[in-house]
Amino acid sequence: MLSKKTTPTFSITPLMTALAFAMALIFAAQGNAQEPANKSVADPKIAAALQEVSSARIQANIEKLVSFGTRLTLSAQDPASISAGHGIGAAREWIRSEFERYSKECGGCLEVKTDAFTEAPAERIPQPTQITNVYAVLRGTDPESAKRIVLVTGHYDSRNSDTFDIKGDAPGANDDGSGTAVSLECARILSKLKFPATIIFLTVAGEEQGLNGSRHFAQMAKQEGWNIEAVLNNDIVGGNRSADQDTGVVRIFCEGIPEAADEKQLRQIRGLGGESDSSSRELARYMVDVGRAYDAGVKPLLIFRLDRYLRGGDHYSFNQQGFAAVRFTEFREDFNRQHQNVRTENGVEYGDLPKFVNFDYIADVARLNVAALASLASGPAPPSNVRLETTRLDNDSTLRWDPARGATGYEVVWRATSAPEWEHAQAVGNVTRTTVKVSKDNVIFAVRAVDNEGHRSLPVVPAPQR
């Protein structure tokens, strides 16, 4: 009879330790593939600026906007109405005076301007109507970097149930007094600082009539060759005080397939699987990075859609001109407040009044905007002419790019094709060509510039170099 074999005994711990060590070597050999993509360190100057945002100031600004009765684009703009403090003309002049006051406080650092034009009759404009965008420019301190522009906007016009009601109250506290207040507060805070790049604080009219003001401004920027890297559109960020509101997040809507893409670009997007990598998507992902680096009080919730379902906003005007632009909107809208006459029916209150707005929430959204604008304006330019070499079949991936102004180094980031955010990053030093031991077949790559203070540029997805 065969003797019974004795089962060998050994310790599991040394085996597991050896296995872990071997895996660590493998990951190291793969170019730090498991390094997190988002490791931003907060800039103390920017963190301090966030503390200056005032919910009381935001409340006062929204209440002032509401005091004009209506800000319908079609409402009064004559001198008597402006003097009486009624209508969109009075709102326009007050916004301009606020920008001018901020500029005076910073020694004339802001260029306060208007973009006025006459809109021809259209579906929601019965007769030729003057529309005026009001904005302030904080010019960058570096002559070359000042050509780079980041922009924040909100629309100051309002409406009630009737798009043509020029006299009835249209308080517009949330839609979009809240976004206008964000632009104003960003200007007040950031005008106290200096940045290499330029920041524009914009308020537009005509949104409720068909995005008229933003369309004109974006077309002007395109025609004049402005290098707008990022547009942050805040529209309905009042954190309406409904029971199902989530004040811990703000939705960020961003287009997928670029509206401005031509047929050749569309073919390349389809061929490379780039449907989720428009410049607006990269801007939205940048907002997530900013939200991790700074405690704004609210976190970005990415929505991979141009806007709310079958709806639109002013960022679309910039998308149409090829600019990266996203929309900030509260988590849950209350439609008893939007586009409603102020009234009570069957015990339900209607109307977009200040008492339904959460001013602390708007302040948090403003902080997130301040952090993003300041980070982008402080940082280097994005790398240009980013290419992914495809001259031969290779399981490694070689990227190259042109130097970016202000950069002292670069990072390659990548993610699975199905992942919403960047998953991995590899610092490659101050070079313009690098090889990553990751197959281009399986991931989406991008390159971003970094300066000596840790500020990062927007990431740029490469085009194939044949």
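Owing to the predicted nature of the structure, the values given are computational and were not obtained by experimental measurement. As a basis for the values below, the full set of heavy atoms in this structure was taken, side chains included, without hydrogen atoms, waters or symmetry mates.
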message = Just so I know, are the side chains of Thr153 and Ser214 near enough to count as touching, which here means a heavy-atom distance under 4.5 Å?
response = no
key: Geometric class of the Tyr135/Phe217 ring pair [parallel <30°, tilted 30-60°, perpendicular >60°]   = perpendicular
message = Are the side chains of Thr247 and Phe331 in contact, using a 4.5 Å heavy-atom criterion?
response = no
ask   = Hey, does Val460 have a side-chain heavy atom less than 4.5 Å from the side chain of Glu282?
value = no
ask   = Which pair of heavy atoms, one from Ile257 and one from Ile269, lies closest together, and at what distance?
value = CD1-CG2, 3.8 Å
message = side-chain contact (heavy atoms from CB on, under 4.5 Å), that's the test. Do Ser178 and Val357 meet it? Break it down for me.
response = CA-CA 8 Å; Ser178 62; Val357 170; 5.5 Å; no
query = Does the pair Leu50 and Asp295 meet the rule for a side-chain contact (heavy atoms from CB on, under 4.5 Å), with working shown?
reply = CA-CA 9 Å; Leu50 267 60; Asp295 183 13; over 6 Å; no
message = What I want to find out is whether Glu98 reaches Lys64 closely enough, with some N-O distance under 4.0 Å, to be called a salt bridge.
response = no
task = For the pair Phe323 and Leu151, evaluate side-chain contact (heavy atoms from CB on, under 4.5 Å) and give the outcome as yes or no after the intermediate values.
result = CA-CA 11 Å; Phe323 297 121; Leu151 182 152; over 6 Å; no
Min side-chain heavy-atom separation Ile166-Thr70 under 4.5 Å = no
ask   = So, the side chain of Thr203 versus the backbone of Thr180: is there a donor-acceptor pair under 3.5 Å, distance only?
value = no
query = Crowded around Lys167 NZ? As in, over 12 foreign heavy atoms under 6.0 Å?
reply = no
ask   = Are side-chain heavy atoms of Ser279 and Pro258 found at a separation under 4.5 Å?
value = no
ask   = Regarding His155 and Asp175, is there a side-chain donor-to-acceptor distance under 3.5 Å anywhere?
value = yes
query = Under the 3.5 angstrom rule, does the side chain of Gln245 hit a backbone N or O of Asn240 as a donor-acceptor pair?
reply = yes
inquiry  = Just by distance, no angles: are the side chains of Tyr350 and Glu345 close enough, under 3.5 Å, to form a donor-acceptor pair?
reply    = no
task = Supply the atom-to-atom distance Arg251 CZ to Asp307 CG, rounded to the nearest 0.5 angstrom.
result = 8.5 Å
inquiry  = Measuring from atom CG of Asn234 to atom CG of Asn369, what distance do you get when rounded to the nearest 0.5 angstrom?
reply    = 4.0 Å
request  = Assess the side chains of His339 and Glu208: does a donor N or O sit below 3.5 Å from an acceptor N or O?
outcome  = yes
ask   = Is the shortest side-chain N to carboxylate O distance from Asp364 to Arg367 below 4.0 Å?
value = yes
query = Which heavy atom in Ile125 sits nearest to a heavy atom in Thr129, and how many Å separate them?
reply = CG2-OG1, 3.4 Å
key: Exam field: side chain Ser75 to backbone Gly87, donor-acceptor pair closer than 3.5 Å   = no
ask   = Does Arg92 make a cation-pi contact with Tyr156, if we ask for NZ or CZ under 6.0 Å from the ring centre and within 45° of the axis?
value = no
key: With Tyr316, the side-chain hydrogen bond (donor to acceptor under 3.5 Å, both in side chains) member among Arg327, Glu255, Arg215, Glu259   = Glu259
ask   = Any side-chain donor-acceptor pair under 3.5 Å between Glu330 and Asn174?
value = yes
task = Would you mind reporting whether Phe68 and Ile88 have side-chain heavy atoms less than 4.5 Å apart?
result = no
message = Any donor-acceptor pair under 3.5 Å linking the side-chain atoms of Ser276 with those of Arg285?
response = yes
note = CG (Leu373) and CG (Leu368) are apart, to the nearest 0.5 Å, by 9.5 Å
inquiry  = Tell me if a side-chain donor or acceptor on His315 pairs with a main-chain N or O of Leu306 at a distance below 3.5 Å.
reply    = yes
inquiry  = Side chains of Gln219 and Gln223: any donor to acceptor distance under 3.5 Å?
reply    = no
key: Pairing residues for Arg188 by the salt bridge (charged side-chain N to carboxylate O under 4.0 Å, His left out) criterion, not counting sequence neighbours   = Glu185
request  = Please report the closest heavy-atom contact between Ala218 and Ser317, naming both atoms and the distance.
outcome  = CB-O, 3.6 Å
key: Chi angles and distances behind the side-chain contact (heavy atoms from CB on, under 4.5 Å) call for Phe201, Leu184   = CA-CA 7 Å; Phe201 310 97; Leu184 287 169; over 6 Å; no
query = Looking only at atom types and distance, does a side-chain atom of Tyr361 sit under 3.5 Å from a main-chain N or O of Val249, one as donor and one as acceptor?
reply = yes
ask   = Between Asp277 and Arg415, does at least one N-O distance fall below 4.0 Å, as a salt bridge requires?
value = yes
message = Quick one, Arg405 and Asp142 - any side-chain contact, counting heavy atoms below 4.5 Å?
response = yes
inquiry  = Whether Asp43 and Lys45 form a salt bridge (side-chain N of Lys/Arg under 4.0 Å from carboxylate O of Asp/Glu) is what I want to check.
reply    = yes
message = Whether Arg448 and Glu411 form a salt bridge (side-chain N of Lys/Arg under 4.0 Å from carboxylate O of Asp/Glu) is what I want to check.
response = yes
message = Quick check against the 3.5 Å criterion: does Arg343 have a side-chain atom that pairs as donor or acceptor with the backbone of Glu349?
response = no
ask   = With side chains defined as the heavy atoms from C-beta onward, is the minimum distance between Arg308 and Ile236 less than 4.5 Å?
value = yes
key: Atom NZ of Lys299: over 12 foreign heavy atoms under 6.0 Å   = yes
query = So does Lys104 pair up with Glu100, basic N to acidic O under 4.0 Å?
reply = no
ask   = Would you find more than 12 non-hydrogen atoms of other residues, nucleotides or ligands less than 6.0 Å from Glu123 atom CD?
value = no
ask   = Would you say Asp246 has more than 12 foreign heavy atoms packed within less than 6.0 Å of its CG?
value = yes
message = Please give me the minimum heavy-atom distance between Phe304 and Cys254, naming the atom from each residue.
response = CD2-SG, 3.7 Å
key: Main-chain N/O of Leu202 paired with Ser183 side-chain donor or acceptor, under 3.5 Å   = yes
request  = Drop me the distance from Ser158's OG to Gln338's CD, to the nearest 0.5 angstrom.
outcome  = 12.5 Å
